[in-house]
Amino acid sequence: MKVLLVNKFLYPNGGSETYIFKIGAYLENMGHEVQYFGMEHTGRCVGNKVDAYTSDMDFHGGSKLAKITYPIKTIYSLEARKKVRLVLDDFKPDVVHLNNFNYQLTPSIILEIRKWDKDNGRRTNIVFTAHDYQLICPNHMMNNPGTHQNCEKCVGEKFIQCTKGKCIHGSMAKSVVGSLEGYYWSLRKIYKEVDHVICPSHFMKGKMDTNPLFKEKTVVLHNFIDSVEWKDESKKDYVLYFGRFSEEKGIGTLIEVCKKLPEIKFIFAGSGPLENEIEKIDNIENVGFQSGDSLVKLIREARFSIYPSEWYENCPFSVMESQMYGTPVLGADIGGIPELIQKGKTGELFESGNVEDIQLKILMLWNDKKKNNEFVENCKELKFDTIEQYGEKLVLLYNE
């Protein structure tokens with residue numbers, strides 16, 4: 001089988017890139033042919049045989065002329081159509097697996113895939129993995145950046161709400177473009193051409209299903225995680241948070257909770273805009289951004305970790321990773337988080353944004369070492385899909 005993986009970034013940049021690289025490696029190991037399409041970049045590490053990529057678009061920099069033309073290019077890209085056509089003509093994929101493509105590549109590439117199908121008398125299977133809420137919310141988070149409140153005003157293709165709330169980077173101009181992009185492709189009913197929409201959580205599926213075009217196409221596949229060697233690590237007396245230090249992640253609320261629990265040590269591993277506020281709290285040790293063995297050690301040795309997010313998290317890898325390393329998770333009951341925690345067995349849930357409830361749950365698990373140890377043992381039995389198991393399910397979709 002020939003699979004074309006499409007993503008705007010073709011270099012290590014975030015979760016969607018990690019996803020496509022691992023999917024691509026799995027498919028190749030299984031004997032399938034894989035090529036990639038996206039933007040050109042100095043860090044690009046995968047590609048296609050005809051070296052066809054769109055120009056790199058930097059929305060935060062670039063020349064004055066580029067900034068003038070960006071609003072048009074982020075809605076419709078003739079360049080993307082021409083470049084993807086070169087790849088289609090050469091590679092002739094059986095499946096095109098779309099990932100993050102809006103604004104930089106644009107849905108124009110879907111038009112070209114179907115035009116290529118028509119010209120060649122065939123039907124390519126188009127699969128889309130929804131890494132965020134982009135297709136139903138122009139700012140992709142369903143969270144207003146000005147108020148830090150979750151927002152569903154754009155649901156039902158009411159994209160004008162993005163402009164009213166200045167939801168893209170707090171910019172009126174960018175938000176207008178976001179609204180126009182949503183309306184333009186809605187009128188063209190472009191997403192009826194997508195055959196399958198992979199949602200990494202049931203929560204996301206519920207949101208995507210608000211659009212009738214998606215309702216019969218969505219399928220839930222929770223994210224995969226690498227197999228982890230179990231070690232009976234001795235626990236140390238601290239609660240761990242690892243991730244971004246930002247409002248939508250619930251860090252402002254967690255700081256307030258830490259102030260109320262001076263007898264408990266918290267370790268924060270990460271970086272972000274609230275870093276200065278964290279430094280002011282005596283019982284929080286900020287160890288900065290961690291990765292690799294140092295992060296694994298922090299996770300393994302924590303009594304439990306906490307994930308206090310206040311936005312509609314999809315399928316956070318951190319929640320899965322913590323439990324796989326034998327560390328229970330206290331998680332906010334929001335988005336896809338509850339789907340990853342076996343309440344009362346591998347962790348507990350609290351009301352997102354509720355200081356009193358978070359404080360209560362932390363104290364409960366901190367003071368009950370027996371219960372905490374039971375949670376640790378239960379984590380041994382917890383199973384998430386490996387890349388091999390996930391890949392098998394993915395190939396079934398490819399073959400439909």
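As the structure is a computational prediction, the values presented were derived from the model and not from experiment.
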Donor on one side chain, acceptor on other, [X] and [Y], under 3.5 Å:
X: Arg81; Y: Tyr76; result: yes
X: Tyr238; Y: Arg303; result: no
X: Ser322; Y: Ser305; result: yes
X: Glu40; Y: Thr54; result: no
X: Glu279; Y: Asn286; result: yes
X: Asn99; Y: Ser16; result: no
X: Tyr53; Y: Asp51; result: yes

Expected output: side-chain [X] to main-chain [Y] donor-acceptor under 3.5 Å:
X: Asp237; Y: Ala302; result: no
X: Asn283; Y: Cys258; result: yes
X: Asn48; Y: Tyr36; result: yes
X: Asn7; Y: Leu10; result: no
X: Thr210; Y: Gly206; result: no
X: Ser294; Y: Ser291; result: yes
X: Lys83; Y: Ser55; result: no
X: Lys92; Y: Asp89; result: yes
X: Glu351; Y: Asp333; result: no
X: Trp311; Y: His148; result: no

Q) Passes side-chain contact (heavy atoms from CB on, under 4.5 Å), Met141 versus Tyr133? Steps please. A) CA-CA 6 Å; Met141 286 184 66; Tyr133 303 96; 5.7 Å; no
(Q) Using a 6.0 Å cut-off, check whether atom CE of Met30 has over 12 heavy atoms from anything other than its own residue. (A) no
(Q) Are there over 12 heavy-atom neighbours, none belonging to Asp282, within less than 6.0 Å of that residue's CG? (A) no
Q: Kindly determine whether Thr386 and Phe224 satisfy side-chain contact (heavy atoms from CB on, under 4.5 Å), including the steps that lead there.
A: CA-CA 5 Å; Thr386 62; Phe224 54 83; 5.9 Å; no
Q. Can you say whether the rings of Tyr19 and His97 are parallel (under 30°), tilted (30 to 60°) or perpendicular (over 60°)?
A. perpendicular
**Q.** Aromatic plane relationship, Tyr241 with Phe245 - under 30° parallel, 30 to 60° tilted, over 60° perpendicular
**A.** tilted
Q | Criterion side-chain contact (heavy atoms from CB on, under 4.5 Å) on Arg122 and Thr124, from CA distance to verdict | A | CA-CA 7 Å; Arg122 55 184 292 167; Thr124 304; 4.0 Å; yes
Can you tell me how far apart [atom1] ([X]) and [atom2] ([Y]) are? Round to the nearest 0.5 Å.
X: Tyr390; Y: Asn223; atom1: OH; atom2: CG; result: 6.5 Å
X: Glu339; Y: Ser201; atom1: CD; atom2: OG; result: 5.0 Å
X: Leu78; Y: Glu112; atom1: CG; atom2: CD; result: 9.0 Å
X: Ile198; Y: Lys217; atom1: CD1; atom2: NZ; result: 14.0 Å
X: Ser246; Y: Leu274; atom1: OG; atom2: CG; result: 6.5 Å
X: Asn211; Y: Ser186; atom1: CG; atom2: OG; result: 7.0 Å

Would you be so kind as to tabulate the donor-acceptor pairs closer than 3.5 Å made by side chains of residues 159-168, with sequence neighbours excluded?
residue : atom : partner : partner atom : Å
Thr163  : OG1  : Ser175  : O            : 3.4
Thr163  : OG1  : Ser179  : OG           : 2.7

Q) By ring pair (Phe, Tyr, Trp, His ring centres under 6.0 Å), which residues pair with Phe317, not counting sequence neighbours? A) none
N-O pairing of [X] and [Y] below 4.0 Å:
X: Glu310; Y: Lys249; answer: no
X: Lys2; Y: Asp90; answer: no
X: Glu152; Y: Lys207; answer: yes

Aromatic ring proximity, centroids under 6.0 angstrom, [Y] and [X]:
X: Phe128; Y: Phe101; answer: yes
X: His222; Y: His202; answer: yes
X: His41; Y: Tyr11; answer: yes

Note, [X] side chain near [Y] side chain (heavy atom, < 4.5 Å):
X: Val46; Y: Phe21; answer: yes
X: Phe268; Y: Leu240; answer: no
X: Tyr191; Y: Ile110; answer: yes
X: Leu4; Y: Val87; answer: yes

Q | Passing candidate, side-chain contact (heavy atoms from CB on, under 4.5 Å) with Gln359, options Lys260, Glu256, Met364, Lys259 | A | Lys260
